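Written below as structure tokens is the structure these notes are about.
What you see is a predicted model, and the numbers here were worked out from it, not measured in a lab.
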Amino acid sequence: MTSTVQRTSGTDETLYRPGRWLALSVLVLAVLLVAVDATVLGLATPFLSEDLEPTGTQLLWIGDVYSFVIAGLLVSMGSLGDRIGRKKLLLTGAVAFGAVSVLNAYATTPEMMIAARALLGVAGATLMPSTLALIRNIFHDPKERSLAIGIWGAMASAGAAVGPVVGGFLLEHFWWGSVFLINLPVMAVLVIVGIKLLPESKNPVAGPWDLTSVALSLVGMVGVVYAVKEAATHGPNGEAGAAALIGVAALYGFVRRQLTLPAPLLDMRLFRHRGFSGAVLADLLTILGLSGLVFFLSQFLQLVQGRQPFEAGLAELPAAIGAVATGLVAGTVARRFSVRAVVAGGLGAVGLALAAMTLLGQSTGYPLLGSILLVVGIGAGFSFTVTADVILSSVPKEQAGSASAVSETAYELGAALGIALLGSVVTGVYRNFVTPAGVPGNAASAAHESLGGAVEAASALPRQQGAALVGAAQEAFVDGLRLAAGVGAAVLLATAVAAWFLLRGQKLADGIEH
């Protein structure tokens with residue numbers, strides 16, 4: 001803290017709120033809730049494929065519909081939190097998240113699973129903007145806030161690590177639905193403790209919540225993302241074109257409406273700040289380059305390299321370890337050097353790590369894979385922590401919910417687009433593999449839907465024939481994964497260059513806010 005600030009008992013209580021670190025511990029429980037849910041699904045995919053028998057397209061929908069819905073609602077929910085209170089929205093969303101997790105756990109058809117994941121997205125949209133907005137309002141010292149954001153990001157990474165390990169253990173001892181039920185005890189602790197520890201905060205002059213803007217935002221985001229997914233999966237067609245037109249028209253209407261409303265859902269003037277816009281763009285493109293590969297990595301570890309779920313979860317730990325370690329020191333490093341050096345350097349490291357993934361093969365040893373994941377975690381920990389700090393520091397604290405929502409929307413939209421685009425690269429290459437001679441038509445059809453389908457179909461064939469089918473499917477899957485890694489690397493390296501210019505002159509604050 002700066003020595004120029006005169007501290008009195010009154011300002012102490014305002015600027016250094018008692019119990020603020022305990023309040024932060026409650027907020028990171030919400031982050032854990034979302035992070036664990038996102039990562040356990042990847043490990044559960046082979047089991048879910050065997051039980052529900054989804055098509056390849058349905059499997060992609062199960063993976064990304066959560067992100068589609070949450071991306072469409074984040075801005076609206078962030079703004080709602082600014083109006084009705086971020087604590088109230090967070091605790092309500094946590095209860096809903098836990099309840100809908102039960103519906104996910106007991107889904108009996110692919111369609112039911114897709115619907116349950118969509119409802120989970122509605123609940124999830126209330127959580128993440130509220131957590132970051134409350135951090136913005138609890139921590140007035142920028143250096144403390146940087147550390148708090150680092151802890152917030154580190155716990156998100158820890159959740160991403162805990163998810164596969166705990167999920168792997170559950171998958172080896174229970175059925176796949178159990179991975180969703182682990183949300184319930186976390187949700188219960190969050191609500192019970194949060195009621196007592198979290199302070200309420202909102203924008204006292206936010207104005208009414210404009211439902212027309214909410215509808216335009218939802219239709220626009222879902223329309224555009226669906227169009228990208230449809231075009232990536234099936235090529236440009238009338239359905240994709242119609243969805244794109246509807247989505248773009250709705251987003252145009254949303255922007256126009258925000259510029260005319262006296263109390264907009266999202267203040268578009270935020271984007272005039274170059275640092276804010278640059279940080280948002282960096283987040284979106286980074287997640288786009290990473291998410292599609294992360295979604296398929298668990299399948300690679302289990303279905304290609306033959307690891308058990310628990311072992312596959314442990315194999316992914318280096319990424320989380322790197323992200324936790326760097327997230328805690330990212331603010332200090334950015335003040336010591338510069339924001340753009342840390343963000344661009346982190347993104348460049350992730351891009352180079354993804355480029356190294358183009359060398360992966362079916363028999364690649366773990367030292368190479370573990371090293372790649374460690375570098376990905378280190379780079380992501382630096383870049384995401386600093387960009388979150390830039391986004392929150394660029395706006396008045398009354399607009400923290402809206403700013404946090406923009407940050408989270410970029411994250412979720414990038415995840416949805418990454419799974420849609422890079423996932424479609426993987427599946428597009430995979431579906432073209434040549435079926436070994438003598439494999440029955442129904443088995444060949446199931447094998448071309450997904451790698452999990454190929455393993456399942458092979459189990460009903462004679463051993464030699466089944467092994468040939470699985471071998472051909474695994475080779476095609478790895479070919480698709482390498483191509484997607486190359487695309488992801490190009491996106492990340494280009495984003496690193498863009499961040500270097502867009503974040504020029506950007507600094508993290510040092511003085512305490514009154």
Side-chain angles (χ1 to χ4, degrees), residues 41-64 109-110 113 168 171-172 175-176 232-235 292-313 315-316 357-366 368-369 419-420 422-487:
L41 181 65
L43 278 176
T45 296
F47 299 86
L48 188 150
S49 298
E50 181 179 342
D51 193 14
L52 302 185
E53 298 181 354
T55 65
T57 300
Q58 286 175 328
L59 196 60
L60 282 178
W61 270 109
I62 290 170
D64 61 24
T109 65
M113 188 68 186
L171 288 167
E172 289 185 17
W175 98 114
W176 60 263
T233 305
H234 302 294
L293 295 173
V294 171
F295 181 72
F296 284 101
L297 185 60
S298 292
Q299 295 181 62
F300 171 80
L301 291 170
Q302 292 179 79
L303 299 178
V304 176
Q305 295 204 327
R307 301 177 192 271
Q308 293 301 308
F310 184 68
E311 184 187 357
E316 296 177 25
M357 283 187 69
T358 61
L359 304 175
L360 285 185
Q362 292 173 251
S363 59
T364 296
Y366 185 72
L368 174 60
L369 182 60
I419 292 175
L422 298 186
S424 297
V425 169
V426 175
T427 55
V429 173
Y430 172 79
R431 286 175 176 170
N432 289 327
F433 79 85
V434 179
T435 307
V439 174
N442 59 339
S445 178
H448 280 85
E449 283 292 340
S450 68
L451 183 55
V455 173
E456 178 68 16
S459 66
L461 299 175
R463 177 178 296 182
Q464 188 173 354
Q465 196 175 60
L469 178 62
V470 170
Q474 289 175 335
E475 185 178 351
F477 184 86
V478 173
D479 287 343
L481 191 62
R482 282 199 294 258
L483 180 59
V487 174

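The backbone N or O of Leu297 lies less than 3.5 Å from no partner atom in the side chain of Gln302, so there is not a single donor-acceptor pair.
For Leu483, the side-chain contact (heavy atoms from CB on, under 4.5 Å) partners at least two apart in sequence or on another chain are Val425, Val429. For the ring-ring contact (aromatic ring centres under 6.0 Å, His included) test, residues two or more places apart in sequence or in another chain that qualify with Tyr430 are Phe433. In terms of the side-chain contact (heavy atoms from CB on, under 4.5 Å) criterion, residue partners of Pro110 (sequence neighbours excluded) are, by chain and number, Leu52, Pro54, Gln58.
Within the 4.5 Å cutoff, side-chain heavy atoms of His448 are placed close to those of Thr435. Side chains of Val304 and Leu451 form a contact here, defined as non-hydrogen atoms less than 4.5 Å apart. Within the 4.5 Å cutoff, no side-chain heavy atoms of Leu359 are placed close to those of Thr364.
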Worked check of side chain to side chain contact (heavy atoms under 4.5 Å, CB included) between Leu369 and Leu301 = CA-CA 10 Å; Leu369 182 60; Leu301 291 170; 3.5 Å; yes
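Here the closest heavy-atom approach between residue Val439 and residue Gln465 is recorded as N-NE2, 3.7 Å. Among all heavy-atom pairs drawn from Ala485 and Met357, the shortest one is CB-CB, 3.7 Å.
Contacts classified as ring-ring contact (aromatic ring centres under 6.0 Å, His included) and involving residues 452-484 (residues at least two apart or in different chains) are given here: Phe296-Phe477. Residue pairs meeting the side-chain hydrogen bond (donor to acceptor under 3.5 Å, both in side chains) criterion with at least one partner in residues 466-485, sequence neighbours excluded, are Gln362-Gln474, Asp479-Arg482.
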Enumerate donor-acceptor pairs with a distance under 3.5 Å from any side-chain N or O in residues 440-447 to protein atoms, sequence neighbours excluded.
none

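In this structure, the separation between CG on Leu360 and CG on Leu481 is 6.5 Å, given to the nearest 0.5 Å.
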